Visitor: 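First the structure, then my questions, so here it is.
Side chains are part of it too, since the values below use all heavy atoms of this structure and drop only hydrogens, waters and symmetry mates. What you are looking at is a predicted structure, and each value in this text was computed from that prediction instead of being measured.
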Amino acid sequence: MRFSFRGPFARWPRASDAVLAVVLFAGALFLADGPNDSWVVRNIALVPFAVMLALAVAGSALYLRRQAPLQTLAIVLVCWLLLLLSDGYDIGFIMVAALYSVGRYVVDVRLALAGLGASMTVLAIDGLTTDTTWGETTFGVVFMFVIWYIGRRLRLRTEHAAQRHRQLLDETRRIVAEERTHIARELHDVVAHQVSMMTVQAGAAQAVAAVDPDGAREAMAAVERAGRQTLEELRHLLGVLRPEPTANGVGPQPGLADVPRLIEQVGNAGVDVTIVDDIRSPLPTRVQLSAYRIVQEALTNVLKHGGPGTRAEVDLREDGPEVVIEVTDSGDSGAPTRAPGHGLIGMRERATLLGGTLEAGPRPEGGFRVVARLPRDGTTA
């Protein structure tokens, strides 16, 4: 498990900034430079009211250092300039916090650099109006740049982390969308095929119930078998979505070996289907699944648009590096052109995902023709 440390400035930013403002104000008010680079405690009774007011305003401005870092720095710089008129008082570490906040929280790097330049300018003015050596002033300039740069680097690191997080979220959304599309396609293939057969067989049973009870019972038995198979395939499809797959109801994906059983089901619904299978090479599972679903959807369309009595032919063959799946039907030459519904779109998507192609359209002599070409190795182009 991964743990991340969050300090008080991240957990309680407003309260932490308030404490920081009070602490730095108290330090600037009570501490003064002593001999040999030491600090001494200042007698508060000797501090002029104007100095106390300037330090209080500069310290209070730090409370807004996240929301308005440039304005905070401007207030601190003005107070610093006013303190130059006093005797021996300076802004202390309030300036350090304000400058760090400009590097950390200003979005536009040009504005952040302008704040750094303004701070260095005031520092140079301070050096010219006091007995500060050029070496000390130069050290102050370098120190200011380091403080500003630390804040800037932390901002860049935060921005890069946020960008990586957004990219991860986008990739997750893309994977989820692809998986939803895959599941929707599988559900369509399973439900549309079986329900179409059940509808045709139930209609046939109703039509002959009065004159041929045995035929009606046989048709309803076929409806029952189709319904059970639909439930079985749906159980398999939904079973793979479980966090922990179980053996119950989760079988192998259908392939070309299941095409004869598919043709038998369509034949029971009244469509005369013949098959020519000239594929001898072993094919990857993804290619077999796509080929099976294309045949299934094509025969479902034959059943929906042609109805009982229609003749169809399924031709499976190899053509160089490709597998060809061709499904034709006699159809009705007077029937309207089939609209490109979800079935044809799904077949074309399956072929495209494998780097193949799919063509579908009416035949000149009547009926409909679907031809899919899939690469035998199942690699996308």
Visitor: Indicate yes or no: at least one non-hydrogen side-chain atom of Trp80 is less than 4.5 angstrom from one of Leu84.
Guide: yes
Visitor: How would you list all residue pairs meeting salt bridge (Lys or Arg N to Asp or Glu O under 4.0 Å) that involve residues 92-112, not counting sequence neighbours?
Guide: Asp108-Arg110
Visitor: With salt bridge (Lys or Arg N to Asp or Glu O under 4.0 Å) as the rule and sequence neighbours excluded, what pairs involving residues 69-82 come up?
Guide: none
Visitor: Flag the pair Arg348 / Val370 as yes when at least one side-chain heavy-atom distance between them is below 4.5 Å, and no otherwise.
Guide: no
Visitor: Salt bridge check, Arg293 against Glu297: does any charged N sit closer than 4.0 Å to a carboxylate O?
Guide: no
Visitor: Decide whether a cation-pi geometry holds between Arg14 and Tyr63; the criteria are a distance under 6.0 Å from NZ or CZ to the six-membered ring centre and an angle within 45° of the ring axis.
Guide: yes
Visitor: So, do Tyr292 and Leu262 sit near enough that their side-chain heavy atoms are less than 4.5 Å apart?
Guide: yes
Visitor: Within this structure, what is the CG-CD distance for the pair Asp212 and Glu218, rounded to the nearest 0.5 Å?
Guide: 8.5 Å
Visitor: Heavy-atom distance under 4.5 Å between the side chains of Arg286 and Leu354, does that happen here?
Guide: yes
Visitor: Holding to side chain to side chain contact (heavy atoms under 4.5 Å, CB included), I want the full list of residues that pass it with Ile279, two or more places apart in sequence or in another chain.
Guide: Leu256, Asp277, Leu283, Leu316, Glu318, Val323
Visitor: Cut-off 3.5 Å, no hydrogens considered: what does the side-chain donor-acceptor table look like for residues 15-30, sequence neighbours left out?
Guide:
unit_1 : atom_1 : unit_2 : atom_2 : d
Ser16  : OG     : Pro8   : O      : 2.8
Ser16  : OG     : Trp12  : O      : 2.7
Asp17  : OD1    : Arg65  : NE     : 3.0
Asp17  : OD1    : Arg65  : NH2    : 3.1
Asp17  : OD2    : Arg66  : NE     : 2.7

Visitor: Can you list the residues that meet the side chain to side chain contact (heavy atoms under 4.5 Å, CB included) rule with Ile263, with sequence neighbours excluded?
Guide: Val259, Val273, Ile275, Leu299, Val314
Visitor: Specify the closest pair of heavy atoms between Met95 and Ser119, including all atoms of both residues, with the distance to one decimal.
Guide: CE-OG, 2.9 Å
Visitor: For atom CD of Glu322, is the number of surrounding heavy atoms from other residues, nucleotides or ligands below 6.0 Å larger than 12?
Guide: yes
Visitor: When you compare the side chain of Val324 with that of Val371, does any pair of heavy atoms fall below 4.5 Å?
Guide: yes
Visitor: Under the 3.5 angstrom rule, does the side chain of Ser330 hit a backbone N or O of Arg311 as a donor-acceptor pair?
Guide: yes
Visitor: Could you state whether Leu82 and Leu73 fall into the same hydrophobic cluster, counting links through intermediate Ile, Leu, Val, Met, Phe, Trp or Tyr residues with side-chain heavy atoms under 4.5 angstrom apart?
Guide: no
Visitor: Would Glu171 and Arg174 pass as an ion pair if we require N to O under 4.0 Å?
Guide: yes
Visitor: Any side-chain heavy atom of Tyr149 within less than 4.5 Å of one from Leu116?
Guide: no
Visitor: Is Arg317 salt-bridged to Glu326, going by a charged N under 4.0 Å from an acidic O?
Guide: yes
Visitor: Got Leu31 and Arg42 here, is their nearest side-chain heavy-atom distance under 4.5 Å?
Guide: no
Visitor: Is the closest side-chain heavy-atom distance between Thr121 and Leu77 below 4.5 Å?
Guide: no
Visitor: Rest of the hydrophobic cluster containing Leu128 (Ile/Leu/Val/Met/Phe/Trp/Tyr, side-chain heavy atoms under 4.5 Å)?
Guide: Trp134
